[in-house]
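Worksheet: the structure to be examined is printed underneath.
Residue numbers begin at 1 in each chain, while the letters A, B, ... track the order of the sequences. All values below were derived from every heavy atom in this structure, side-chain atoms included, with hydrogens, water molecules and symmetry-related copies excluded. Note that the coordinates shown come from a computational prediction; the quantities given were computed from them, not determined experimentally.
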2 protein chains.
Amino acid sequence: MGTLESGATLESVAAAAGVSRQTVSNVLNAPERVAPQTRQRVQEAIESLRYRPNRSARSLRTRTSRLLGYCVQPAPEGAINPVLDRFVHALTESAADHGFHVLLFTAPPGAAGLDRYAELLAQRAVDGFVLSDTVVADPRPVWLTEQGVPFVAFGRSWSGPDHGRWVDVDGAAGIVEAVEHVHALGHRRVAFIGWPEGSGVGDDRLAGYLAACSRLGLTPLVERDEGGVEQGRAIAGALLDDPEPPTALVCVSDLSAYGALRAVAERGLRPGADVAVVGFDDTPAARLPGVELTSVSQPIEEVGRDAVHMLLGALGVVEPPPGPADHRLLRPTLVVRASTAISPEG
Amino acid sequence: MGTLESGATLESVAAAAGVSRQTVSNVLNAPERVAPQTRQRVQEAIESLRYRPNRSARSLRTRTSRLLGYCVQPAPEGAINPVLDRFVHALTESAADHGFHVLLFTAPPGAAGLDRYAELLAQRAVDGFVLSDTVVADPRPVWLTEQGVPFVAFGRSWSGPDHGRWVDVDGAAGIVEAVEHVHALGHRRVAFIGWPEGSGVGDDRLAGYLAACSRLGLTPLVERDEGGVEQGRAIAGALLDDPEPPTALVCVSDLSAYGALRAVAERGLRPGADVAVVGFDDTPAARLPGVELTSVSQPIEEVGRDAVHMLLGALGVVEPPPGPADHRLLRPTLVVRASTAISPEG
DNA sequence: ATATATTGTGCGACTAGGAGT
DNA sequence: CACTCCTAGTCGCACAATATA
């Protein structure tokens with residue numbers, strides 16, 4: 001039989017300490033109301049009985065579950081970006097610092113998935129939500145705001161006004177840094193391989209590219225594709241086959257960049273020596289020997305921590321950190337590898 | 001104000017339907033005890049009030065939380081294997097099919113982390129645990145078994161007797177398939193790049209290699225390293241520099257295989273044409289153009305589903321599926337790509 | 001006696017107000 | 001009147017025994 005089948009309760013601890021239930025409760029939730037001597041005695045009883053408050057009972061009474069809901073999406077086909085691992089771990093760890101846990105659930109994308117959120121709310125299963133994989137015109141922030149449900153999103157709402165709290169990574173700033181980096185290496189014909197217009201994240205990164213070109217006096221050269229490796233390979237190939245090809249390819253994602261690297265290699269050119277290639281996301285494959293892709297790295301752990309703090313702040317659990325309470329924009333960092341190692345000739 | 005601030009309870013539904021609390025409860029938990037006509041009326045009241053049973057209250061009464069605990073590990077440095085995404089999603093989805101949710105928590109590895117498990121148990125926060133990242137002499141299965149806590153592990157206990165339920169992937173069978181594959185292509189000098197002895201998983205995969213060699217009449221050639229890309233590159237390089245080098249390299253993991261691919265390329269050889277390379281795990285980078293690594297793919301989603309079913313079976317929530325109740329060994333599949341495309345000459 | 005619906009009770013904790021010194 | 005502690009009531013649900021046709 002297990003040593004924690006005990007099932008100690010407020011009652012049994014009180015009996016062991018020779019006080020009433022309420023005094024034990026006070027020791028846990030309002031220690032200053034209990035005389036030090038009594039407190040000591042109660043704490044010893046708690047220790048010896050290995051007492052822990054029953055979460056369900058506490059939840060029922062306080063009407064808070066100390067659970068944060070997070071919807072896990074299935075990893076998209078061909079995904080190379082294991083964000084979930086890091087983000088979820090950061091969420092879980094930060095939540096634990098304040099006695100909270102993360103509750104996972106699944107939901108279909110779009111408005112159809114709102115039912116799942118409503119269900120958890122109606123059951124009082126969670127105190128709030130952490131959203132990720134937000135898209136343009138995502139119905140969730142609007143709906144949750146209407147319902148008065150505390151939440152925080154990883155990702156801005158790209159269309160219309162902001163709803164609720166969010167944490168995001170400044171993609172434009174990341175691309176600016178990338179362009180400045182290749183510019184500093186001497187590259188003057190710098191192309192951008194982007195996503196189709198209207199993706200929010202993609203438009204933001206493109207904006208960074210255009211801003212950097214403007215500031216540095218470079219002529220923008222933008223190509224767009226659907227973002228896959230093969231598409232990146234084709235687009236990059238077309239660019240390189242131009243009579244006056246770009247010497248640097250800044251890509252909206254690592255996936256495009258892997259395609260670009262391939263296109264470079266297929267033309268007998270050496271990435272980093274003949275053509276610079278930069279990606280975005282710093283996916284695990286970027287560091288593999290033979291790849292060594294320079295890439296913009298997102299501070300995922302920091303996003304997770306900030307998200308939890310903002311949400312717990314909204315729940316009144318922690319003092320909200322200084323700064324704007326409803327959003328936070330974090331700077332990514334450029335990780336330089338061999339794909340942008342050497343200055344071009346000329 | 002939100003439409004689900006309602007806070008409907010059994011009581012209010014009962015009032016709306018003109019019946020007693022208990023009848024509403026029966027409609028939900030034992031419909032056959034309620035006359036069809038009454039049932040209908042109650043269900044309409046439930047609908048119109050958007051009633052959902054309060055999870056905390058139900059948990060308190062039934063002494064079950066309908067929550068499965070899962071400990072998320074921080075992704076190890078240089079990880080290229082985003083198992084968590086897929087595994088956790090599969091867990092969450094399967095659990096949802098039976099009204100369960102996954103509760104995430106963190107814990108330090110080894111015996112030091114048992115406290116976190118004990119804590120959740122003492123709080124009655126979870127009904128059972130799903131374990132992953134099990135290691136040789138993992139203290140958790142033993143401890144949980146002692147405590148009488150339902151759990152299921154992704155991964156066998158490699159040392160001593162089995163404790164509790166587990167689901168695992170037959171790594172040996174996967175490697176056998178890999179060796180048979182390169183053998184069928186005509187390779188006769190097939191080397192294995194493995195992990196140091198004592199890793200359980202690594203030893204299992206090695207056993208598959210040795211069994212296949214024995215069956216096919218090949219001379220085993222085993223090298224071991226710590227499993228990193230650079231180590232794989234060095235080991236593979238040494239093998240290839242032998243006067244009579246192997247023509248096929250079967251690797252214990254994709255990480256080693258990426259190193260091996262690099263070593264092959266560095267010697268002016270073409271992976272797939274001159275030297276066959278096989279990895280294990282089918283990590284996302286394996287499919288990238290220019291890599292195209294043949295690899296053994298684990299049925300992660302199936303592992304997750306089976307794990308949940310076994311655990312829910314142990315909790316008495318579902319009818320345990322046919323077959324052995326305490327363990328399940330799943331076959332991986334070989335995904336053939338360009339790194340083993342062509343038969344060698346000779 | 002069978003089918004159906006109803007009361008009482010307690011799960012374990014917190015909140016409010018009262019009693020003792 | 002502080003300070004400390006306790007009694008009584010409540011959260012929403014499900015189990016058990018009971019009442020009504």
Side-chain angles (χ1 to χ4, degrees), chain A residues 4-43 45-46 49-66 99 120-125 127 316-317, chain B residues 4-43 45-46 49-66 99 120-125 127 316-317:
Chain A
L4 30 80
E5 294 280 342
S6 61
T9 71
L10 225 39
E11 189 82 46
S12 62
V13 173
V19 296
S20 72
R21 293 180 318 210
Q22 184 51 28
T23 301
V24 181
S25 177
N26 282 337
V27 169
L28 293 171
N29 302 315
E32 73 282 358
R33 289 190 186 173
V34 179
Q37 195 176 337
T38 316
R39 197 190 306 163
Q40 173 75 15
R41 199 149 35 96
V42 171
Q43 261 155 356
I46 289 176
L49 292 178
R50 285 178 165 57
Y51 169 73
R52 291 290 179 282
N54 180 307
R55 267 185 108 94
S56 304
R58 175 174 275 185
S59 288
L60 177 59
R61 191 62 180 95
T62 63
R63 308 177 140 293
T64 66
S65 62
R66 302 199 147 246
L120 289 169
L121 256 10
Q123 296 178 148
R124 296 198 164 282
D127 292 342
V317 175
Chain B
L4 29 83
E5 293 281 341
S6 59
T9 70
L10 270 188
E11 191 79 48
S12 63
V13 172
V19 297
S20 71
R21 297 176 319 215
Q22 185 52 28
T23 300
V24 181
S25 177
N26 282 337
V27 168
L28 294 171
N29 302 317
E32 74 283 359
R33 289 191 187 172
V34 179
Q37 195 177 337
T38 316
R39 196 189 308 163
Q40 172 76 15
R41 198 150 36 95
V42 170
Q43 260 154 355
I46 290 176
L49 292 178
R50 285 178 165 59
Y51 169 74
R52 291 290 179 281
N54 181 307
R55 266 187 109 95
S56 305
R58 175 174 276 184
S59 290
L60 178 59
R61 191 63 181 89
T62 61
R63 307 177 142 286
T64 66
S65 62
R66 301 198 148 247
L120 289 169
L121 255 10
Q123 297 178 149
R124 298 197 165 282
D127 292 343
V317 175

Next on the checklist: For the backbone of A:Ala125 and the side chain of A:Ser65, can you confirm whether one donor and one acceptor N or O come within less than 3.5 Å of each other?
Outcome noted: yes

Checklist entry - When the distance from CZ of A:Arg66 to P of C:dG12 is rounded to whole Å, what number comes out? => result 20 Å

Checklist entry - When we call it a touch if two heavy atoms are under 4.0 Å apart, what does B:Thr23 touch: a base, just sugar-phosphate, or nothing? => result base

Checklist entry - Under 4.0 angstrom, heavy atoms only, what part of the nucleic acid is B:Arg55 near: base, sugar-phosphate, or nothing? => result nothing

Next on the checklist: Tell me whether B:Thr38 contacts the main-chain N or O of B:Val34 through its side chain, where contact means a donor paired with an acceptor under 3.5 Å.
Outcome noted: no

Checklist entry - Is the shortest side-chain N/O distance from B:Ser20 to OP1 or OP2 of C:dT6 below 4.0 Å? => result yes

Checklist entry - CZ of B:Arg21 versus C1' of D:dA16: gap in Å, rounded? => result 13 Å

Next on the checklist: Please tell me if B:Asn29 has a side-chain N or O lying less than 4.0 Å from either OP1 or OP2 of D:dA14.
Outcome noted: yes

Next on the checklist: If you assign each of B:Arg41 and A:Asn26 to its closest nucleotide in DNA chain C, which residue comes earlier from the 5' end?
Outcome noted: B:Arg41

Checklist outcome for this item: So side chain to side chain donor-acceptor pair (under 3.5 Å) across residues 12-24 of chain B, not counting sequence neighbours, yields B:Ser20-B:Thr23, B:Gln22-B:Asn26

Checklist entry - Between D:dC11 atom P and A:Leu10 atom CG, what is the distance in whole Å? => result 19 Å

Item to check | Exam field: side chain A:Arg52 to backbone B:Gln123, donor-acceptor pair closer than 3.5 Å | outcome: no

Item to check | Any donor-acceptor N/O pair, A:Arg39 side chain to A:Pro31 backbone, under 3.5 Å | outcome: yes

Item to check | Pairing nucleotide - C:dA1, Watson-Crick or G-U, each distance under 3.5 Å | outcome: none

Checklist entry - Would you say A:Arg55's side chain and A:Arg66's backbone share a donor-acceptor pair under 3.5 angstrom? => result yes

Checklist entry - Rounding to a whole Å, what distance do you find between B:Leu28:CG and D:dC13:C1'? => result 10 Å

Next on the checklist: Does any part of the side chain of A:Asn54, heavy atoms only, come nearer than 4.5 Å to the side chain of A:Thr9, both counted from C-beta?
Outcome noted: no

Item to check | Distance in angstrom units between A:Arg39 CZ and D:dT4 P, rounded | outcome: 9 Å

Checklist entry - Residues from residues 56-64 of chain A sitting under 4.0 Å of DNA chain C, heavy atoms only? => result A:Ala57, A:Arg58, A:Leu60, A:Arg61, A:Thr62

Checklist outcome for this item: Taken to the nearest whole Å, CD/B:Gln22 to P/C:dG10 is 16 Å

Item to check | Atom pair distance, as rounded to whole Å: CD in A:Gln123 and P in D:dC13 | outcome: 11 Å

Next on the checklist: Can you measure B:Arg33 atom CZ to D:dT20 atom P for me and round it to whole angstrom units?
Outcome noted: 20 Å

Next on the checklist: Between B:Ser25 and D:dA14, is there a contact of a side-chain N or O with OP1 or OP2 at under 4.0 Å?
Outcome noted: yes

